[in-house]
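Worth knowing before you read on, the calculation uses all heavy atoms, side chains too, and leaves out hydrogens, waters and symmetry mates.
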Amino acid sequence: VSPLNYFALSAFRIVVGLGIGLVGVVAPMYVSENSPQEQRGFLGTLFQLSLTLAIFLAYLFCYAMTFLPDSYNWRIMLGSTAVSALFVMVQSFLIPESNAWFVGERRAELSVNEDAFNSRESVDRQLTSKNTLPTPRYENGLVLLFSSRYLYAVGLGLMLSICLQLTGINAVIYYAPGIFKKAGIPHEKLATIGVGAWNFVTTLLAVFLVSFFRRRTILFTSMLFICVSDAVLGFINQFVHDEKLAAYSSLVCIFVFIAAFEGGIGPLYWVLINEVSRYRERPGDKETGVIDYSVGFANLMQYCLNLLLSATFPTAVNKLHLPVVYWVFAGLGILGTAYCAVFLPETSKMELAEEEQEGDNRDTETRFLKN
């Protein structure tokens, strides 16, 4: 690969990453805003289900591409992603706007109309200029995000991101092929596809669990098995010297870890950050623009932590050795779980802030029209 092609490839990979990050913020938010309360958990976890299905299909496709010449098989792998991107882009023009967006815009319109009704000066300003209408929904959102009023949502977003990324899911999957090889399992590439299939199947578990159990129950059960799996993986790598026994024991822990992750925190993360961010303790607040910033900030944190883990994991393994790294993962999982146990509310029965204020908006509109 020439330097020019390498630069172009890297640049467009960055562009793709920005697009994926945007979808990662908007898609779960859109689902949360448009889902009825009783189906919000079920529909919210479908985002993670689609991710694991895409990963599994990518494993299959890339395995099939290995039978083609190396000179162009990687080009097909990269270029094929444009098909799904094009499908999503076309679909985005066909779906309706979010209910929460309409509620926010209607609230802003009613707020302006009330000001105009109560103040002759406001009426004069609106008559003389069409550009005086404010945009209150996003005004000062970033400043409000880090105020004490919304600090709990920011803190929960960070801790949920730690539970999602710094408990070792990517590291576990990264080391899975090597463990398969040590266990003497042939065709390690096919074994990796098996991991992708297990990843997808266990996500189906969460899709149904979230409809029958409380969010906190699922989260804490998931984190319990994740932390125990990390701790046991560290113990195996440190104290079990029989290579075959260590490999097979590690495989059991890996499959338990993946099941716990995809059956809990993996899909539940996307549901919780939107629910926590979109619920307000003060129904009278009109500073709703901060909600979207809060969701975006939580996603930014989890992507940053993902990048941090990817950049530091090989060095950490060399300096601290793999068992210690697994124990660090377990410790971070315990830290995040303890924080959520204290501060995370049970959100499955709460109403969205926009839903709570729809009635208030209708009352305000009625009063305005009568007067």
Side-chain angles (χ1 to χ4, degrees), residues 1-31 43-95 164-165 169-178 180-181 185-204 206-207 254 258 261-262 266-267 269-270 299-300 302-307 309-311 313:
V1 180
S2 68
L4 179 61
N5 289 339
Y6 179 80
F7 174 79
L9 183 63
S10 301
F12 282 107
R13 290 273 291 177
I14 293 174
V15 174
V16 170
L18 292 174
I20 292 173
L22 185 60
V23 171
V25 174
V26 174
M29 183 188 300
Y30 181 87
V31 172
L43 295 174
T45 55
L46 293 181
F47 179 74
Q48 181 74 8
L49 184 67
S50 66
L51 290 181
T52 56
L53 176 61
I55 292 171
F56 174 56
L57 294 177
Y59 282 162
L60 289 174
F61 182 75
C62 291
Y63 177 72
M65 290 298 101
T66 59
F67 295 99
L68 298 178
D70 293 339
S71 58
Y72 61 84
N73 62 3
W74 63 273
R75 291 180 170 87
I76 298 176
M77 292 180 193
L78 291 178
S80 62
T81 58
V83 176
S84 57
L86 182 62
F87 173 76
V88 173
M89 184 182 71
V90 172
Q91 186 185 45
S92 66
F93 290 102
L94 303 178
I95 59 178
L164 181 75
Q165 294 292 353
I169 179 62
N170 292 322
V172 165
I173 292 179
Y174 174 79
Y175 267 91
F180 283 126
K181 187 175 182 180
I185 297 176
H187 308 296
E188 59 186 70
K189 292 181 180 178
L190 290 176
T192 302
I193 294 175
V195 172
W198 179 248
N199 205 27
F200 170 67
V201 170
T202 51
T203 309
L204 287 171
V207 172
I254 285 175
I258 293 174
F261 182 89
E262 297 297 355
Y269 172 83
W270 310 103
N299 275 280
L300 175 64
Q302 69 97 2
Y303 282 122
C304 287
L305 292 176
N306 189 351
L307 176 63
L309 179 62
S310 300
F313 182 70

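For the pair Leu78/Phe12, no side-chain contact is recorded, criterion being any heavy-atom separation below 4.5 Å from C-beta on. Using a 4.5 Å heavy-atom cutoff, the side chains of Met77 and Tyr72 are not in contact.
Taking CD1 of Ile55 as the start and CD of Gln48 as the end, the distance is 7.5 Å to the nearest 0.5 Å. Remark: Ile193 CD1 to Cys62 SG distance equals 9.0 Å, nearest 0.5 Å. In this structure, CG in Leu164 is found 6.5 Å from OH in Tyr269, a value given to the nearest 0.5 Å. The distance from the OG atom of Ser310 to the CG atom of Leu305 is 10.5 Å, given to the nearest 0.5 Å. The structure places CZ of Phe7 at 8.0 Å from OG of Ser10, a figure rounded to the nearest 0.5 Å. To the nearest 0.5 angstrom, Leu9 atom CG is 10.5 Å from Ile14 atom CD1.
Phe87 pairs by the ring pair (Phe, Tyr, Trp, His ring centres under 6.0 Å) definition with nothing, not counting sequence neighbours. Remark: Asn170 engages Gln165, Asn306 in a side chain to side chain donor-acceptor pair (under 3.5 Å) (not counting sequence neighbours). Residues satisfying the ring pair (Phe, Tyr, Trp, His ring centres under 6.0 Å) test with Tyr59, not counting sequence neighbours, are none.
Relative orientation of the Phe200 and Phe56 rings is parallel, given thresholds of 30° and 60° on the angle between their planes.
Scanning all heavy atoms of the two residues, the minimum distance from Tyr303 to Ile20 falls at OH-O, 3.8 Å. Counting all heavy atoms, side chain and backbone alike, Gly24 lies closest to Trp270 at O-CZ3, 3.6 Å. Val23 and Pro28 make their closest contact through O-CD, 3.7 Å (heavy atoms, listed as atom of the first residue, atom of the second, distance).
Using a distance-only test at 3.5 Å, with no hydrogens or angles considered, a donor-acceptor pair links the side chain of Thr203 to the main chain of Asn199. Of the possible donor and acceptor atoms, none in the side chain of Asn73 sits under 3.5 Å from a partner among the backbone N and O of Thr66.
Summarising the local packing, CZ of Phe61 is surrounded by more than 12 heavy atoms from other residues, nucleotides or ligands at distances under 6.0 Å.
With hydrogens and angles left out, the side-chain atoms of Thr202 and Glu262 include no donor and acceptor closer than 3.5 Å.
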Test side chain to side chain contact (heavy atoms under 4.5 Å, CB included) on Val31 and Leu46 and set out the steps.
-> CA-CA 9 Å; Val31 172; Leu46 293 181; over 6 Å; no
